[in-house]
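Quick caveat: nothing in here was measured; it's all calculated off a predicted structure.
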Amino acid sequence: MTVIIEEPMSVGTEDDREERPALVPSLFPFIPPTLYFSTANEKVELLPAEQRRLLKWKMSTVTPNVVKHTIGRSHFKVTKKSHDWLGCWGHHMKSLCFKAIGEHQKLNHFPGTFQIGRKDRLWRNLSKMQVRFGKREFNFFPRTFILPQDIKLLRKAWEDGGSRQKWIIKPPASARGIGIQVIHKWSQMPRKRPLLVQKYLHKPYLISGNKFDLRIYVYVTSYDPLRVYIFTDGLVRFASCKYSSSMKTLSNKFIHLTNYSVNKKNSEYQTNSDDKACQGHKWALKALWQYLGSRGINTNLIWEKIKDIVIKTIIASEPYVNSLLKMHVRSPYSCHELFGFDIMLDENLKPWILEVNISPSLHSNTALDVSIKGQMIRDVLNLAGFHIPQKDDVVAPCSSTSSSTSSLSGGKRERSKPDLSPDEKVKRAFYLTQRYAEQDFLCTVLDVLTPDDVRVLAESEDELSRRGEFERIFPSATSSRYQRFFECPRYLNILLDQWEQKYWSSRTKGLSLLRSLCQEGIHLGTSDPAHIWSKCSHVHKSEPPRQDLSSPSRSGVVVSHQHRPLHDDDDDAHGSDRELASVSSLPVSPSPGSSATSSACSSPQPSLSQSSPAHQPHHNDPV
């Protein structure tokens with residue numbers, strides 16, 4: 001029986017705890033506040049009764065206790081209704097079911113993230129990136145084969161590798177170490193298909209003779225623009241028996257697997273409740289960095305390599321998710337997602353990605369778990385930016401319009417997000433139709449900020465100010481280099497990237513500018529010519545210089561790509577994501593050889609059906 005550790009209260013009575021305001025004000029005028037979530041050492045003030053009645057949470061069978069505790073401290077009440085909840089922490093759903101989520105509601109998933117959450121999809125998508133951009137950029141995953149499709153390629157690699165090689169076998173949608181085994185003979189290959197076969201990382205970095213992996217928590221608040229955060233702490237999970245490379249030990253899971261759900265069954269497993277101690281078979285990530293640092297190891301370099309892996313892996317899922325968001329989600333407010341990245345360090349301290357969990361375990365079996373996961377969930381919910389809705393938003397829909405696709409919500413209303421103005425569409429087209437754009441040209445995207453530009457920038461800065469122990473890794477001052485990995489250029493990614501480059505070292509100046517614009521109400525819409533892009537004289541001056549497109553300069557940023565056709569055999573894959581579809585007929589000033597439609601990007605289509613539970617990623621192993 002699993003023991004759940006309650007979150008510790010601070011010393012003294014509950015009334016001794018610091019009381020925090022229930023609402024976090026925006027950094028900017030005329031932008032609504034967000035709800036505040038606390039750790040167990042704080043209490044949250046009560047809102048007025050009329051507002052408090054709107055604080056409803058939809059419980060799921062998989063809602064973890066750490067989430068229940070955190071929302072309880074902010075005075076949320078459980079609801080069984082489908083229309084009045086504001087938040088839900090639940091299962092991943094089929095993409096069509098996202099249509100049922102109201103604009104005032106937030107679910108802890110994006111549609112389509114199984115493209116990295118299923119092991120077979122993760123390797124397929126990373127392999128495509130490797131083919132396209134080379135092994136120098138994408139060399140952080142072991143050689144992988146998916147059976148039965150790759151059986152001939154595997155057989156050849158097996159024969160070429162000799163008799164001493166080891167392979168690890170994984171079912172593509174399993175969790176908690178179920179079905180995983182390490183083999184060295186072809187006769188040991190399971191007959192069950194589909195199956196993932198990977199080159200085994202047989203020379204891991206060892207601590208006290210034990211193998212370990214890292215659970216890294218990654219939080220994505222938005223896919224368009226893409227905003228990615230990484231939690232600065234995490235978990236280190238050790239195998240409970242000392243490592244051996246002997247072929248005779250391959251069947252011993254306590255030696256070769258690091259899953260907590262496997263190793264807790266070993267009578268020699270040692271628990272650890274101290275987040276600063278380097279003892280037992282589970283450590284805090286910060287304790288590992290201190291341990292390695294004391295031995296002269298450059299832990300900052302390892303951390304930077306891990307962040308690089310995270311950004312590239314999330315980008316690999318980006319075209320699929322954005323395509324499904326446009327098809328099935330009414331408001332970008334409604335989705336956010338916490339990922340659990342499993343990373344292993346080899347003997348040279350090079351990080352390798354093992355898998356990505358789209359429902360990382362938040363069970364808290366020790367005080368160490370509570371300390372790390374409690375702080376993380378508090379920061380996740382603050383970053384999520386929950387708003388108190390208007391009363392009209394949560395009125396029960398009439399039965400004739402209620403959705404039959406999901407029990408989460410009923411009724412269908414149009415998006416409340418303001419449509420882009422014709423002027424804003426022209427501006428987006430202008431910056432997206434340049435095949436090769438120099439930095440001197442891209443930076444002019446900030447010269448005239450439209451109402452939607454101001455809204456997005458203000459939202460991003462507000463969000464960043466609520467990050468807690470998370471670090472935003474995309475966009476960042478140094479993330480421009482990742483723009484080329486996107487299947488399709490996105491205007492808002494360009495906007496935020498340029499904002500970061502201009503203001504990362506003088507954030508106060510950028511915040512002051514946004515405050516003055518919001519004080520004028522620019523983000524609410526304006527007829528001021530200074531914020532109508534097509535009326536400003538700089539437009540024609542900022543057009544990039546003509547270039548020979550067959551040999552772009554090294555300093556140019558490619559913002560248009562060739563696209564490969566993908567199979568359309570998934571129930572989520574109908575239609576394509578063309579960011580410029582609605583603006584291709586507007587007047588723009590493209591560079592030679594490009595057009596509004598040529599830089600539009602047909603999104604790749606998911607190719608595995610989500611129509612049956614067998615195709616859904618399983619819930620991931622307790623850590």
Side-chain angles (χ1 to χ4, degrees), residues 110 112-147 149-150 153-154 157 167-175 180 194-201 213-216 218 220 223 226 228 230 302 304-324 337 339-346 350-358 360 473-474 479 481-488 561-567 570 601 603-608 615 617 620:
F110 290 93
T113 51
F114 71 92
Q115 289 288 347
I116 55 175
R118 273 185 61 111
K119 297 179 183 70
D120 51 353
R121 291 303 187 83
L122 173 66
W123 308 118
R124 280 277 185 248
N125 287 314
L126 289 179
S127 295
K128 287 175 187 173
M129 299 291 270
Q130 187 182 75
V131 167
R132 188 169 169 191
F133 297 105
K135 286 188 177 181
R136 184 174 180 181
E137 292 286 357
F138 287 85
N139 65 342
F140 49 80
F141 54 97
R143 191 173 184 190
T144 304
F145 301 88
I146 299 167
L147 304 188
Q149 302 98 304
D150 298 338
L153 291 171
L154 172 61
W167 299 82
I168 188 164
I169 311 298
K170 303 176 182 180
S174 71
I180 296 180
L195 200 63
L196 202 80
V197 183
Q198 280 184 327
K199 203 74 184 291
Y200 184 56
L201 299 173
D213 76 352
L214 315 179
R215 167 55 59 86
I216 306 295
V218 174
V220 179
Y223 264 88
L226 184 63
V228 184
I230 192 168
I302 300 172
E304 289 303 314
K305 289 179 179 178
I306 290 172
K307 289 192 286 187
D308 180 71
I309 290 173
V310 166
I311 294 170
K312 289 172 178 173
T313 303
I314 294 292
I315 289 175
S317 72
E318 186 268 354
Y320 303 95
V321 174
N322 269 321
S323 176
L324 295 172
E337 190 146 7
F339 298 89
F341 276 64
D342 290 346
I343 302 288
M344 180 167 288
L345 303 179
D346 68 15
K350 174 186 173 178
W352 297 78
I353 187 170
L354 301 180
E355 64 180 273
V356 177
N357 300 274
I358 58 175
I473 57 175
F474 191 95
S479 64
R481 67 176 297 267
Y482 295 99
Q483 295 290 339
R484 69 191 183 97
F485 299 128
F486 284 83
E487 173 107 352
C488 180
H561 309 300
Q562 291 181 327
H563 308 292
R564 306 171 306 281
L566 281 94
H567 296 296
D570 184 83
C601 171
S603 278
Q605 304 302 329
S607 56
L608 269 184
H615 289 135
N620 304 116

Visitor: I need the minimum non-hydrogen distance between W167 and A157, along with the two atoms involved.
Guide: CH2-CB, 4.2 Å
Visitor: To the nearest 0.5 Å, tell me how far N125 CG sits from R118 CZ.
Guide: 12.0 Å
Visitor: I need the minimum non-hydrogen distance between G340 and P360, along with the two atoms involved.
Guide: N-CG, 3.7 Å
Visitor: Judged by atom type as modelled, is there a donor-acceptor pair below 3.5 Å linking the side chain of S323 to the main-chain atoms of Y320?
Guide: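 No, S323 side chain to Y320 backbone: no donor-acceptor pair under 3.5 Å.
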Visitor: Apply side-chain contact (heavy atoms from CB on, under 4.5 Å) to Q130 and list each qualifying residue two or more places apart in sequence or on a separate chain.
Guide: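 For Q130 the side-chain contact (heavy atoms from CB on, under 4.5 Å) partners, ignoring immediate neighbours, are K135, F138, F141.
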Visitor: Write down the atom of I116, the atom of L122, and the distance for their closest heavy-atom approach.
Guide: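 Smallest heavy-atom distance, with atoms named: O-CB, 3.5 Å.
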Visitor: State, to 0.1 Å, how close A316 and L126 come at their nearest heavy-atom pair, and which atoms those are.
Guide: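 Answer, listing the atom of A316 first, then L126: CB-CD2, 4.3 Å.
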Visitor: Out of curiosity, N357 CG to T113 OG1, how far, rounded to the nearest 0.5 Å?
Guide: 11.5 Å
Visitor: Just verifying a value: how many Å separate R132 CZ and E137 CD, rounded to the nearest 0.5 Å?
Guide: 13.0 Å
Visitor: Check K307 against I473 and note the closest heavy-atom contact, atom names and distance.
Guide: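 Closest approach of K307 to I473, heavy atoms only: CD-CG2, 3.3 Å.
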Visitor: Within a strict 4.5 Å, meaning less than it, do heavy atoms of the L354 and L201 side chains meet?
Guide: yes
Visitor: side-chain contact (heavy atoms from CB on, under 4.5 Å) with Q149: which residues, sequence neighbours excluded?
Guide: R124, I146
Visitor: Anything under 30° is parallel, anything over 60° is perpendicular, the rest tilted; go ahead and classify F133 against F485.
Guide: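 It falls in the perpendicular class, over 60°.
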Visitor: Begin with the C-alpha distance, continue with both residues' side-chain angles, and end with the deciding distance and a verdict on side-chain contact (heavy atoms from CB on, under 4.5 Å) for I358 and E337.
Guide: CA-CA 8 Å; I358 58 175; E337 190 146 7; 3.5 Å; yes
Visitor: Tell me every residue that passes salt bridge (Lys or Arg N to Asp or Glu O under 4.0 Å) with D346, counting only those two or more places apart in sequence or in another chain.
Guide: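 With neighbours one apart ignored, the set is empty.
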Visitor: To the closest 0.5 Å, what do you measure between CD1 (I306) and CH2 (W352)?
Guide: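 I306 CD1 to W352 CH2: 14.0 Å, rounded to 0.5 Å.
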Visitor: Could you go through the side-chain contact (heavy atoms from CB on, under 4.5 Å) check for F339 and I314 one step at a time?
Guide: CA-CA 10 Å; F339 298 89; I314 294 292; 4.1 Å; yes
Visitor: Please tell me if the side chains of L324 and F110 come closer than 4.5 Å, counting only heavy atoms from C-beta onward.
Guide: no
Visitor: Regarding K119 and the six-membered ring of W123, is the cationic atom NZ or CZ under 6.0 Å from the ring centre and inside 45° of its axis?
Guide: no
Visitor: Calculate, to the nearest 0.5 Å, the distance between atoms CG and NZ belonging to D120 and K170 respectively.
Guide: 12.0 Å
Visitor: Kindly indicate whether the side chain of M129, heavy atoms from C-beta on, has any atom under 4.5 Å from the side chain of K312.
Guide: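 Answer no - side chains too far apart.
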Visitor: Looking only at heavy atoms, which two atoms of Q483 and F474 are closest? And how far apart?
Guide: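 Closest heavy-atom pair between Q483 and F474: NE2-CZ, 3.8 Å.
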Visitor: Could you state the interatomic distance from CD (E487) to CG (N322), rounded to the nearest 0.5 Å?
Guide: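 Here the rounded value is 11.5 Å.
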Visitor: Taking the side chain as C-beta and beyond, is there a heavy-atom pair between N139 and K350 under 4.5 Å?
Guide: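 In contact.
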Visitor: Does the pair D308 and R481 meet the rule for a salt bridge (Lys or Arg N to Asp or Glu O under 4.0 Å), with working shown?
Guide: CA-CA 11 Å; D308 180 71; R481 67 176 297 267; 3.3 Å; yes
Visitor: Can you tell if the side chain of I343 reaches within under 4.5 Å of the side chain of V310, non-hydrogen atoms only?
Guide: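 Sidechains of V310 and I343: no contact.
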Visitor: Do the non-hydrogen side-chain atoms of I230 and F341 ever get within less than 4.5 Å of each other?
Guide: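 Not in contact.
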Visitor: Quick one: does D342's side chain get under 4.5 Å of R215's, heavy atoms only?
Guide: yes
